Amino acid sequence: MNALSGRAVNIVGAGLAGALLALLLARRGIRVALHERRPDPRQSHPEQGRSINLALAARGTRALERAGVMDAVRPLLIPMRGRMVHEPGVAASFLPYGQRAEEVIWSVARAKLNRVLIDAARRQPGVTVRFSQACVGADARADRLRLRDTLTGVASELALAPTIATDGAGSVVRSSLAGTGALREREDWLDHDYKELTIPARDGRHALEREALHVWPRGGFMLIALPNTDCTFTATLFLAREGPASFAALGDPAAVGAFFQREFADVAPHMPDLLTEFASHPQGRLGTVHAEPWHLGGSVLLLGDAAHAIVPFHGQGMNAAFEDCSVLDELLEAHANWDEVFTGFEARRRVDTEAIARMAIENYLEMRDAVRDAGFVRRRSIGLALERAYPERFIPRYSMVMFHPEIPYAVALARGEIQASILAELDQGDGDFDATRASALVAERLPPLP
Ligand SMILES: Cc1cc2nc3c(=O)[nH]c(=O)nc-3n(C[C@H](O)[C@H](O)[C@H](O)COP(=O)(O)OP(=O)(O)OC[C@H]3O[C@@H](n4cnc5c(N)ncnc54)[C@H](O)[C@@H]3O)c2cc1C
């Protein structure tokens, strides 16, 4: 309990962050009205065109544990122990993500996870979930939150203060506040889009190694696949919108078939519905959202993708949104009103979410290009050796982000840069390195981790 117990708050968007946040706030005795554009998931099919499955990592599981829902989530998870890299013409090679058995990430179906969170939230006293309620505008000066029932068309209005907007990357709350000049927003679109495809089960089993995130890096574009509990994989093609190798160049089934036969010959035979799926599945856009400020006094706060959507290449958007929920919940322990909580949230999270936005872009280059590079593989293996020798000082950046929620993203970014310089100095080009020099560089440049 805390000073805000018994008070009411609106949350707009019962997606991953909104549902988890509703649960956390209600556990503190806050009354939550959760407004969601989609119909009740118990009476409808999941939305098309969203990523079907996601990689959940330690920052996300920590928040789910904090909310007491990990037992309900665990049956939905498939461990992914590393990347299975598929190069043309050679056997696939497996690169473990970490060095310890527990250093795995988890594949989880978005719709199922969202459903568990919504069910848990609405079992909590004080939570009301209103489906088919689309926010159509927010006005801070007039203190109005405007909604429309998507089934009946009936419009309604509520007091805006206090509202937490978790309505995702295309947030209507954010854009309408930006429209009145109350905040500034910018979307940096990538020139690459994505399309999701299916690798069906084969003889009732997964057609590829189950406990891995599969990558077909092709330099400039890539295909990835994450396992589902029904023995299928969801594959995602990331490809330029325009140009010689692009979605624009794949305008007819013959071009699609030829492209997959040429670039992804080992997996194309496992995709019998490729041509129909390619023609019918949406082509999604990818981008980074910047907004400033995230809050207007104690009246409204943007959180999750609504505040800081990122490109998906580090598998951290949901994890960061869940970490946002943990941080907000922590701040409730120390602050007596929404203004202080929202101010504290922005002060604490901005630097970290900017850091993960940058690392997510860098990871795209790593996944589609660098994993094929001998230098990258060599430096990665030196990095793992340094982690074994100096675990209290050297942890590879990927591991800091994915497995160490106690290390803030901004610290992971800063230490990652120092570590990259150490690896560049130690890499002799033959896989060997000078252990004495390594010890001196680590001691000199990397203070012990907190
Ligand atoms: C291709 C792809 C792959 C990804 N892979 C990963 C991954 O592996 N790991 C990871 O951590 N992240 C991943 N992400 C990112 C992740 O999907 C997001 O960061 C996460 O969904 C953010 O959660 P959120 O609750 O902020 O937003 P969302 O999950 O988008 O939820 C927003 C909610 O608001 C509702 N809504 C929208 N507009 C309105 C409105 N006007 N009124 C009322 N309700 C509204 C929506 O229906 C939805 O329920 C991926 C993203 C993409 C595009």
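These numbers come from a predicted model, not from an experiment. We count ligands from 1, going down the list as the structure has it; atoms in each ligand are counted the same way. Each residue takes its place number in the sequence, starting with 1.
For ligand 1, the atoms lying closer than 4.0 Å to a non-hydrogen atom of Gly168 are 27 (O), 30 (O), 32 (C). Listed by atom number, the atoms of ligand 1 under 4.0 Å from Gly304 heavy atoms are 26 (O). Taking every heavy atom of Thr166 and a limit of under 4.0 angstrom, the matching atoms of ligand 1 come to 32 (C), 33 (C), 34 (O).
Counting heavy atoms only, Arg110 comes closest to atom 21 (O) of ligand 1 of the residues Arg37, Gln316, Arg110, Met318. The option from Asp324, Leu54, Asp305 that lies nearest to atom 13 (C) of ligand 1, judged by heavy atoms, is Leu54. Of the candidates Ala55, Ala134, Gly15, Gly15 brings a heavy atom nearest to atom 33 (C) of ligand 1. With atom 36 (N) of ligand 1 as the reference point, the heavy atom nearest to it among Ile118, Asn53, Asp167, Leu16 is part of Asp167. Among Ser107, Ala17, Ala57, Ala14, the residue whose heavy atom lies nearest to atom 25 (O) of ligand 1 is Ala17.
Interatomic distance, Leu76 CG to Lys112 NZ, rounded to the nearest 0.5 Å: 7.0 Å. Taken to the nearest 0.5 Å, the OG1 atom of Thr236 stands 11.5 Å off from the NE2 atom of His281. For the atom pair SG of Cys135 and CG of Asn10, the computed distance is 9.5 Å after rounding to the nearest 0.5 Å.
Every residue was checked against the ring pair (Phe, Tyr, Trp, His ring centres under 6.0 Å) condition with His270, not counting sequence neighbours, and none meets it.
Contact of the Pro200 side chain with the Pro272 side chain is registered, since non-hydrogen atoms from C-beta on lie closer than 4.5 Å. In this structure, the side chains of Val215 and Met222 come closer than 4.5 Å at one or more pairs of heavy atoms.
Between Thr236 and ligand 1, no N or O atom pair is found at a separation short of 3.5 Å. Backbone and side-chain nitrogen or oxygen atoms of Tyr194 are examined, and none is located within less than 3.5 angstrom of a nitrogen or oxygen of ligand 1. Looking at ligand 1, you won't find any N or O of Glu196 less than 3.5 Å from one of its N or O atoms. An N or O contact shorter than 3.5 Å links Gly315 to ligand 1 by distance.
Taking a 4.0 Å cut-off on heavy atoms, Gln133 registers as neighbouring ligand 1.
Of the options Leu25, Val12, Leu302, Leu34, a side chain to side chain contact (heavy atoms under 4.5 Å, CB included) to Ile164 is made by Leu25 and by none of the others.
Ring-plane geometry between Trp216 and His214 is classed as parallel, the angle between the planes falling under 30 degrees on a 0 to 90 degree scale with a further cut at 60.
Contact annotation for Cys135 and ligand 1: heavy atoms of both the backbone and the side chain come within less than 4.0 Å of the ligand.
Heavy atoms of other residues, nucleotides or ligands lying less than 6.0 angstrom from CZ of Arg148 number 12 at most.
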